[in-house]
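Before any comments, here is the structure.
Just so you know, these numbers come straight off a predicted model, no measurement behind them. Here is the naming used below: chain letters follow the sequence lines, and residue numbers restart at 1 for every chain.
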Amino acid sequence: MFKILKYSFFDLVRSRWSYVYLFFYLALGFVLLFLNNDLSKAVITLMNVIIILVPLIGTIFGVMYYYDSKEFTELLLAQPIKRADIFLGQYLGVAISLSLSLLIGLGLPFILYGLFQSTAIWDFVLLLVTGTFLTLIFTALAFNIALYNENKIKGFSYAILLWLFMAVIYDGLFLMSLILLEEYPLDTFSIGATLFNPIDLSRILILLKLDISALLGYTGAVFQKFFGTGLGFSMALSALVLWVVLPLLNIYRKSRKKDF
Amino acid sequence: MERIEDIFKQLSTALRIAFLYKIVFFIACFSITTGWAKTITVCNTCEITSLKKAIAVAEAEDTIFVKEGTYNEFNIIVDKPLTIKGENFPVIDGEDQGEIIRITSDNVTIDGLFIINVGTSYTSDHAAIRVVKSENFLIQNVVLEKLFFGIYLEKSNNGKVYHNKIIGDAQDEYNSGNGIQLWYCKNVVVNRNIVQKTRDGIYLEFSDNITIDNNISTENLRYGLHFMFSNDDVYTNNTFENNGAGVAVMFSKRIKMLNNTFHKNWGTAAFGLLLKEINDAEISGNTFEENTVGINIEGSNRITYTRNNFIRNGYAVKVLGACYTNVFKHNNFLYNSFDVSYNSRINDNVFVNNYWSSYTGYDLDRDGIGDIPYRPVKLFSYIVNRTPETIILMRSLFIDIIDFSEKVSPVFTPDNLVDENPQMKKIE
Amino acid sequence: MIHIENLYKSFGKNKVLEGIDLSISEKGIFAILGPNGSGKTTLIKSILGMVIPDNGTISINGNSIKNKWNYRNEIDYLPQIANFPANLTVQELIKMIKDLRNLRGEDQQLIDLFKLSPFLNKKLSNLSGGTKQKVNLLLTLMFDSPLIILDEPTTGLDPIALLHLKKLILQEKAKGKTILITSHIMSFVEEMADQIVFLLEGKVYFKGDITALLTQTDEPNFEHAIANLLTKQNV
């Protein structure tokens, strides 16, 4: 698997797209810092941007890479290599190169801007952690979509739909159901509902850091326990890990059965 | 040569004589003073071993000097103008029997005592030190622990509570008392005290012209500082941290609140500052940091808010009910989850020249003022007021979208609530 | 060597293999022929484990290949469409395949033979179809496995390269290997193949050498014999 990972990674490191993303993040970091002139403010703006953008890039890039490397995959399939290793290796290649683009692209401007002397450093670390998680998750979901759809156009459409659903539609439905059911106790429901959307989970991690004062203003005992103790943080983090592991298991399962 | 030596000798003798006269004069003066007011020493091995006895034998203006040691006494009544001074913090242990010291005379000073074990009662408010209908009192350098009420001023004026340390262990509101309480008092200065873990750190009821400054009030169950029906008071440079709520000002007029710090007052219905039925107050130069609600305003009018910093609060300012002609000017609103929240569509308050960290406008003419107005009330805050659980959707793209649409055409939030001149740079 | 029993595979409603029974135990060159869509590539991919059969068993050297991958160490495979990772150079690709198989590989000889040295440092995306096919052949034939599977090996080759290819195949045969070839160039098949396996409607319709084929179809030459088989399909 590590050999595949190595080759996919080197393949990607040389691809134009990796640089496009790297420069995109670099530009984003510098522009935000330049406009805000304030590290903490830039970090907060970035958090809002990251939880939307990273999933989009992850899904699109994941699907694209899968379809683009189809012949390469077939070449590998005829070699004496375990099937799951091929896909997991390719997945890791994409996920790691995307994560690196994110880490370097955002890390560089912020470090140059004096991140290590700033109090916002932990916010920034959290930002990178959630960004990396989202990359891992959405790339894995993208591979799943691609594995199930031979048709490239279909695959791309599903990928965009997935993103749209997770980033916007899900929360719209969520909000509507909360308002419609407002006479019932909702805190367990609302915490439960976030677990099914990795973007919401990342949002929760960020809320715990930035908006804890507001979150603690609510009376529900479940909310108080979830946000007031380490419970919320550890639950959100473990749910994110599950969100990485489950799609990966499915890649493993599906790749064993698929014909090429 | 010899003649010169002689001259020197004579000179020095003259100086010596003059010096001696001076010493004699001082001793004379000193004996006259002690003749008027004597010092009584209390210690475990002295002739007088209790504070009560010392007070009994003392005359007005005497000083009672309490040496290091433990004195198990309560219901000590100071009924003449005395100075009671402790050396190395002698312990006055009330053994949970009730009130410990009661001052009923003018001109009493209590200094440097360590008072513990005030009796808890459900019927009377036992205090470590109670001042009743007296003037010109001074309570300083006192340490209070294991208390019910700490320092209780009752219908007493023109006194000073200075540099005391009050450390309670309050668990529940119903069986705990306040650190420093003023009831029907006037012209009292409460200065440089530390109050912790009581019910209300400092409580004022029907007390006017009180100055409260440089106190640190933390971890109190209810409020760090609490005003009821008190007017024309000033509090400055105090720190309120980790209290049930920082400061509550209720049914009071003309209160000045300057340069205080309200920090980490977290929790359900917790706020840095609660204003309820307050008129004509001035709130300036304060810092509200990481509170669930920075300022919670209910039915308060004609208040000016200037040069305050609202940093990382859940809500910087939450306005409930009818509040008229309040002015927010030159404040910094930095990284709050919500800057301003209203529960109605009506607005009669002015927000102008503030700095808002979430302002995204531009300043093309470079005059330091944003070219497009800022709308501090988000639709989402309205939704959260209605269905609190929706708070979990904060920072969601969907919420940003509906907030944006509300910004473009306000339907649920007051449409005249805008800062027409948002500052581009933080106000220093 | 290869033993296939009762192999079924369909893609959706399209039944491709319908009970293939095939046993290849001898050395030599086997041509797998059949009309378009008769399942040649599917059969080859099944042997390689790229297509998972619905039913039936494939065993190589007596061991079932189901859920295995190690047996592919014994196979050199030339895929039909040679598309490679675009960002790699020829040199890197060769290195990579060697690395993946953990084998040294006799690449230098083949590089010289196909005159590939000027292309070694070029990216694969910049190569012409014929050159790509040469690289493809190089990648397959540089190893020394007992079973070689070539799917349309002649595609895009110039006459000289074709001659080299034929020579190479015969060399490998001489080493005592089993070689499976699919091709639609009948002259090539006639020249090279020891045995013909003809697939029709998802089954093995004919297996045997060219003489047997001619006898069975009663045709004067190979091309006609194949045409005969193809027209039978239409009957």
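A donor-acceptor contact shorter than 3.5 Å links the side chain of C/R72 to the backbone of A/L77. Looking at A/D259, its side chain does come within 3.5 Å of a backbone N or O of C/I52 through a donor-acceptor pair. When atom types are taken as modelled, the side chain of A/R83 and the backbone of C/G49 share a donor-acceptor pair closer than 3.5 angstrom.
Residue A/K258 touches chain C through its backbone alone, counting heavy-atom pairs closer than 4.5 Å. Using a 4.5 Å cut-off between heavy atoms, A/K257 contacts chain C through its backbone alone, with no side-chain atom that close. Residue contact with chain A, scored on non-hydrogen atoms closer than 4.5 Å, is absent for C/I149. Heavy atoms of C/Y71 lying under 4.5 Å from chain A are absent altogether.
Side-chain contact between C/R101 and A/I81 is absent, with no heavy-atom pair separated by less than 4.5 Å.
Within a 6.0 Å sphere centred on CZ of C/F11, other residues, nucleotides and ligands contribute more than 12 heavy atoms. Atom CD of C/Q109 has 12 or fewer neighbouring heavy atoms from other residues, nucleotides or ligands inside a 6.0 Å radius. A/F196 CZ: 12 or fewer foreign heavy atoms inside a 6.0 Å radius. More than 12 heavy-atom neighbours from other residues, nucleotides or ligands sit within 6.0 angstrom of NZ on A/K254. Within 6.0 Å of NZ in C/K207 there are more than 12 heavy atoms belonging to other residues, nucleotides or ligands.
Across every non-hydrogen atom of C/Y77 and A/A78, the tightest pair is CD2-CB, 3.1 Å.
Note on C/N102, C/D99, C/L139: by heavy-atom pairs under 4.5 Å with chain A, the leading option is C/D99. The most heavy-atom pairs under 4.5 Å with chain A, out of C/L93, C/T41, C/N73, come from C/N73. Each of C/E92, C/K9, C/M96, C/K45 has some count of heavy-atom pairs under 4.5 Å with chain A, and the biggest count is that of C/M96.
Put simply, OG1 on A/T73 and CE on C/M50 are 9.5 Å apart, with the number rounded to the nearest 0.5 Å. From C/I97, atom CD1 reaches atom CG of A/L76 across 6.5 Å, with rounding to the nearest 0.5 Å. A distance of 6.5 Å separates CZ of C/F143 from CD of A/Q79, quoted to the nearest 0.5 Å.
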